[in-house]
A.B. asks: 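What follows is a structure written as structure tokens; I'll ask about it next.
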Amino acid sequence: MMLDIRNLAAAYGMHRALAGVSITVAKGEIVVILGANGAGKSTLLRAVAGMCEGQVQGDVYLDSTPITGVAPDLIVEQGIAFVPEGRGIFGEMTVAENLALGAYSKHARARQAENLARVYELFPKLRERRSQMARTMSGGEQQMVAIGRAMMADPKILMLDEPSLGLSPLLCKELFQNLAKISKTGLGVLLVEQNAKQSLAIADRGYLLENGEITGQDDAKALLTNPAVQAAYLGGA
Ligand code: ATP
């Protein structure tokens, strides 16, 4: 397994946000975590990225190397890139400048030209708009900038926190298709989503997170037809 999360727990003071969470992501695999508001989805990704403000316990391995307790910038350097909720791009900088910021590790700088070509191939619009201020890009385009910037870190694993939030149905579709393309280049993708239908459609596997615990896991196709998943996440369809 490329990413191996074992028995992860997190707490904010007395509030337990995660307990006993174990999740794996293989090379080229898309794994989706489904959970209601407050289930602990963001906490999970932030804990893996070394950015959780709470107390974290448990183990995270990337290609068998433990990364628990490692500083966030070193985790990026080891190969995990994180696109946070709300994207976190710099509005007063151009698209190209935002992308360049993603290549800050020594390893990523050495591969900057190659990765930029890859990002522009994936998102031709970013090449067209490379001199445009990021804040003037549409929501969907800003999401491309955020994903492109994460790709500039030359990651093995890409983690995304609700990337479809605020996007129109058409842009959601495009976003998920792009994630499928990215995974085909050999990256592992771990994403947290409320859009169960479209994310499961492109995912290989999924986990259900409820009140900080994994309450189910299965192949994405099986989850799409699972009655409990349909009731909770697919509008009872
Ligand atoms: P949402 O979909 O609404 O973003 P989520 O599944 O991502 O929710 P988290 O943001 O991980 O959930 O929050 C899990 C629990 O931990 C919630 O009860 C939340 O209030 C609490 N929590 C999150 N961040 C903090 C923090 N920095 N300090 C204290 N409590 C926090």
Side-chain angles (χ1 to χ4, degrees), residues 1-25 31-91 101-102 104-105 142-143 146-147 149-150 153 155-166 188-196 199 203 205-218 223 228-229 231-233:
M1 280 299 159
M2 207 172 215
L3 180 66
D4 190 356
I5 302 169
R6 290 190 207 159
N7 227 353
L8 197 67
Y12 300 101
M14 295 299 286
H15 178 77
R16 191 197 71 168
L18 292 177
V21 171
S22 296
I23 287 170
T24 58
V25 183
V31 173
V32 58
I33 317 271
L34 299 176
N37 285 327
K41 304 181 301 297
S42 300
T43 299
L44 169 62
L45 296 191
R46 294 181 69 82
V48 173
M51 291 165 59
C52 179
E53 288 161 9
Q55 301 79 48
V56 177
Q57 286 181 309
D59 297 298
V60 181
Y61 299 88
L62 180 65
D63 277 340
S64 306
T65 305
I67 57 159
T68 331
V70 172
D73 54 331
L74 295 178
I75 290 179
V76 176
E77 190 146 356
Q78 302 243 15
I80 300 185
F82 178 38
V83 180
E85 193 176 331
R87 298 156 200 155
I89 63 171
F90 295 93
L101 281 178
Y104 63 82
S105 78
Q142 290 191 20
Q143 188 58 268
I147 294 172
R149 188 179 59 187
K156 296 175 185 167
I157 295 279
L158 182 63
M159 295 198 303
L160 306 104
D161 195 350
E162 301 210 20
S164 77
L165 207 70
V189 176
L190 178 61
L191 86 150
V192 148
E193 262 299 336
Q194 300 224 9
N195 187 337
S199 59
R205 290 186 303 117
Y207 293 82
L208 308 181
L209 186 67
E210 285 176 66
N211 292 322
E213 295 184 34
I214 300 292
T215 55
Q217 57 172 300
D218 211 335
L223 287 175
V229 173
Y233 303 106

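Note that the structure is predicted; figures quoted are calculated from it, not measured. Index from 1, following the sequence.
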A.B. asks: Enumerate donor-acceptor pairs with a distance under 3.5 Å from any side-chain N or O in residues 52-70 to protein atoms, sequence neighbours excluded.
C.D. replies:
| residue | atom | partner | partner atom | Å |
| --- | --- | --- | --- | --- |
| Q55 | OE1 | G13 | N | 3.3 |
| D63 | OD2 | K156 | NZ | 3.0 |
| T68 | OG1 | V60 | N | 3.0 |

A.B. asks: Are L209 and I214 close enough, and set up right, to give a side chain to side chain contact (heavy atoms under 4.5 Å, CB included), and what steps lead you there?
C.D. replies: CA-CA 5 Å; L209 186 67; I214 300 292; 3.9 Å; yes
A.B. asks: Which heavy atom of T215 sits nearest a heavy atom of E210, and at what distance?
C.D. replies: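 Heavy atoms only, the tightest pair is OG1-OE2, 2.7 Å.
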A.B. asks: Indicate the atoms forming the closest heavy-atom contact of P163 with L191, along with that distance.
C.D. replies: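 Looks like CG-CD1, 3.9 Å.
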A.B. asks: Check V76 against A153 and note the closest heavy-atom contact, atom names and distance.
C.D. replies: CG1-CB, 3.7 Å
A.B. asks: Once you round to the nearest 0.5 Å, how far does CG of L208 lie from CG of L223?
C.D. replies: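 Reported value, rounded in 0.5 Å steps: 5.5 Å.
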A.B. asks: Give a yes or no on whether the backbone of G35 and the side-chain of K41 come within a donor-acceptor separation of less than 3.5 Å.
C.D. replies: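 Yes; judged by distance alone, with no hydrogens or angles, the pair exists.
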A.B. asks: Does R16 use its side chain to pair, donor to acceptor, with the backbone of G212 at less than 3.5 Å?
C.D. replies: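 The answer is no, because no donor-acceptor pair under 3.5 Å joins these two groups.
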A.B. asks: Do V25 and M2 make a side-chain contact, defined as non-hydrogen atoms from C-beta onward lying under 4.5 Å apart?
C.D. replies: no
A.B. asks: Any side-chain heavy-atom pair from L74 and E77 closer than 4.5 angstrom?
C.D. replies: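 Yes; the side chains approach each other to less than 4.5 Å.
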A.B. asks: What are the two closest non-hydrogen atoms of E85 and L165, and how far apart are they?
C.D. replies: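 Reported closest heavy-atom pair: OE2-CD2, 3.5 Å.
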A.B. asks: F82 versus V48: any side-chain heavy-atom pair under 4.5 Å?
C.D. replies: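 Counting from C-beta outward, F82 and V48 never come under 4.5 Å.
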A.B. asks: With side chain to side chain contact (heavy atoms under 4.5 Å, CB included) as the criterion, how do L190 and L44 come out once you've worked through the C-alpha distance, each side chain's angles and the decisive distance to 0.1 Å?
C.D. replies: CA-CA 11 Å; L190 178 61; L44 169 62; 5.6 Å; no
A.B. asks: Which distance, rounded to the nearest 0.5 Å, do you find between the OG of S199 and the CD1 of I33?
C.D. replies: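 These two atoms lie 10.5 Å from each other.
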A.B. asks: Got a second to check how far L18's CG is from I5's CD1, nearest 0.5 Å?
C.D. replies: 9.5 Å
A.B. asks: Can you tell me if R205 uses its side chain to pair, donor with acceptor, with the backbone of V31 under 3.5 Å?
C.D. replies: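 No; judged by distance alone, with no hydrogens or angles, the pair does not exist.
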A.B. asks: Using every non-hydrogen atom in the two residues, find where P72 and G50 come nearest and quote the distance to one decimal.
C.D. replies: CG-O, 3.4 Å
A.B. asks: Side-chain contact, heavy-atom cut-off 4.5 Å: N37 with Q194?
C.D. replies: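 N37 reaches Q194 side chain to side chain.
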A.B. asks: Quick one: does S22's side chain have a donor or acceptor within less than 3.5 Å of a partner on N7's backbone?
C.D. replies: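 Yes, because the side chain of S22 sits within donor-acceptor range (under 3.5 Å) of the backbone of N7.
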A.B. asks: Atom CG of L45 and atom CG of D161: how far apart are they, to the nearest 0.5 Å?
C.D. replies: 5.0 Å
A.B. asks: Closer than 3.5 angstrom, by distance alone: can the side chain of E193 be matched with the main-chain N or O of V32 as a donor-acceptor pair?
C.D. replies: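 Not confirmed, E193 side chain does not pair with V32 backbone.
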A.B. asks: On a heavy-atom basis, which atom in Y233 and which in L34 lie closest, and how many Å separate them?
C.D. replies: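 Looking at all heavy atoms of both residues, the closest pair is OH-O, 3.8 Å.
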A.B. asks: With a 4.5 Å limit on heavy-atom distance, are the side chains of D218 and V229 in contact?
C.D. replies: no
